[in-house]
Amino acid sequence: MKQTTLKEKISYSGVGLHSGLEVHMSLVPAAPDTGIVVKRTDMDGTPCVHAIAPNVTATIRATTIEEDGVKFFTIEHVMSALQAARVDNCVIELDAEEPPVADGSALVFLDLIEKAGLVEQDAERREIVVDRVLRVDDGDRFVMIVPYDGLRVSFTSINPHPLVGIQYSDVTLEGDAYRKEIAPARTIAYEAEVEALRKAGLGLGGTLDNVIVYNDERWLNTLRFPDELVRHKSLDVLGDMRLAGLVRGHIIAVKSAHALNTKLAKMLYEAYAK
């Protein structure tokens with residue numbers, strides 16, 4: 001298969017989920033073998049960070065990548081859309097440290113990619129075709145990937161809160177499955193945690209327009225799916241795996257989050273992409 005990039009540049013503006021800052025983003029076509037590169041357009045020399053697993057430096061409530069003192073965080077939603085759309089090469093231009101949150105899902109980013117369109121390039125695709133079991137554990141949490149002819153994600157979320165409980169999602173990324181089943185799922189937060197997050201300098205751009213919030217009694221906004229939380233977890237793990245590359249395999253996760261996801265991405269990168 002041939003590598004792909006966007007047919008044309010496409011832009012979008014909004015606020016960052018954690019920073020709360022206005023940010024302008026452009027997705028730009030890139031040459032073969034570029035991979036995914038995030039560029040800071042408002043800084044001298046427009047420094048870049050390669051969106052690869054070894055550059056992950058933090059995973060608190062989001063995935064952060066850093067290179068030569070330049071960092072970007074909350075990249076997982078746009079990376080998830082790039083994984084699902086099978087985009088090999090793209091430059092993500094930002095004038096802040098964080099992409100816009102949009103509605104808290106990956107749907108806006110998928111729409112942007114599809115609106116720009118894709119073009120094949122004169123280079124062979126370097127897809128990671130998983131041929132062994134790779135797994136990362138942390139107590140009762142784990143994430144693993146096993147051989148599979150395609151891309152599939154099975155995620156089990158276990159939450160003691162009665163509104164959430166145990167949720168399970170199993171999606172094979174064929175046809176429009178990602179668009180219908182995963183991309184619309186939004187970030188979720190527990191109301192009691194919101195104030196603590198803001199005191200820690202996180203979630204400053206979060207509103208009921210881009211985050212689903214629940215408290216001890218009810219959801220504060222309308223869900224798109226009864227199991228929207230686990231679908232968003234699947235969205236995140238797909239984005240984190242894109243830091244290893246375009247993956248062909250079956251991702252299986254229980255109670256995983258960015259820390260475990262990116263550890264598996266680093267294992268994949270070391271085993272295949274590097």
Aromatic plane relationship, H232 with H77 - under 30° parallel, 30 to 60° tilted, over 60° perpendicular: perpendicular

Presence of salt bridge, R152 and E174, under 4.0 angstrom: no

Under the side chain to side chain donor-acceptor pair (under 3.5 Å) test, residues paired with S256 that sit two or more places apart: N261

Donor-acceptor contacts under 3.5 Å from residues 10-18 side chains, at least two apart:
residue: S11; atom: OG; partner: S26; partner atom: OG; Å: 2.6
residue: H18; atom: ND1; partner: G203; partner atom: N; Å: 2.9
residue: H18; atom: NE2; partner: R61; partner atom: O; Å: 3.3

Approximate separation, where rounding is to 0.5 Å, of E181 CD and F225 CZ: 6.0 Å

Those residues that, when tested against A189, pass side-chain contact (heavy atoms from CB on, under 4.5 Å) (two or more places apart): V194, V211

Within 6.0 Å of CG in D176, more than 12 heavy atoms from elsewhere: yes

T74 vs V101 side-chain heavy atoms within contact, under 4.5 Å: no

Side-chain donor-acceptor contact under 3.5 Å, N55 with H50: no

Non-hydrogen atoms of K39 and C48 that approach each other most closely: CE-SG, 3.6 Å

L163 atom CG, neighbour heavy-atom count above 12 within 6.0 Å: yes

Point-to-point distance, once rounded to the nearest 0.5 Å, from CG of D138 to NZ of K263: 6.5 Å

Test of ring centre spacing under 6.0 Å for Y214 and Y190: yes

L82 vs I113 side-chain heavy atoms within contact, under 4.5 Å: yes

Within-4.5 Å side-chain heavy-atom neighbours: R125 and R86: yes

Partner residues of V119 under the side-chain contact (heavy atoms from CB on, under 4.5 Å) criterion, sequence neighbours left out: T5, K7

Value rounded to 0.5 Å, distance of SG in C90 from CG in L27: 4.5 Å

L229 vs I212 side-chain heavy atoms within contact, under 4.5 Å: no

Under the side chain to side chain donor-acceptor pair (under 3.5 Å) test, residues paired with E228 that sit two or more places apart: R186

Partner of Q121 by side chain to side chain donor-acceptor pair (under 3.5 Å), out of T34, N89, D33, D88: N89

Nearest heavy atoms of G239 and M79, plus distance in Å: O-CB, 3.5 Å

Aromatic F142 / basic R135 pairing, under 6.0 angstrom, 45° off normal: yes

V146 vs I252 side-chain heavy atoms within contact, under 4.5 Å: yes

4.5 Å side-chain heavy-atom contact, Y272 and V129: no

Other residues, nucleotides, ligands: >12 heavy atoms within 6.0 Å of K9 NZ: no

Residue R179 excluded, over 12 heavy atoms near CZ under 6.0 Å: yes

N-O pairing of D227 and R231 below 4.0 Å: yes

Heavy-atom neighbours of K71 NZ exceed 12 at 6.0 Å: no

S80 side chain near Y178 side chain, heavy-atom distance below 4.5 Å: yes

Derivation of the side chain to side chain donor-acceptor pair (under 3.5 Å) call for S157 and Q167: CA-CA 5 Å; S157 172; Q167 298 183 9; 5.5 Å; no

Flag for T41-D95: side-chain donor and acceptor within less than 3.5 Å: no

Residues in side-chain contact (heavy atoms from CB on, under 4.5 Å) contact with L21, at least two apart in sequence or another chain: S19

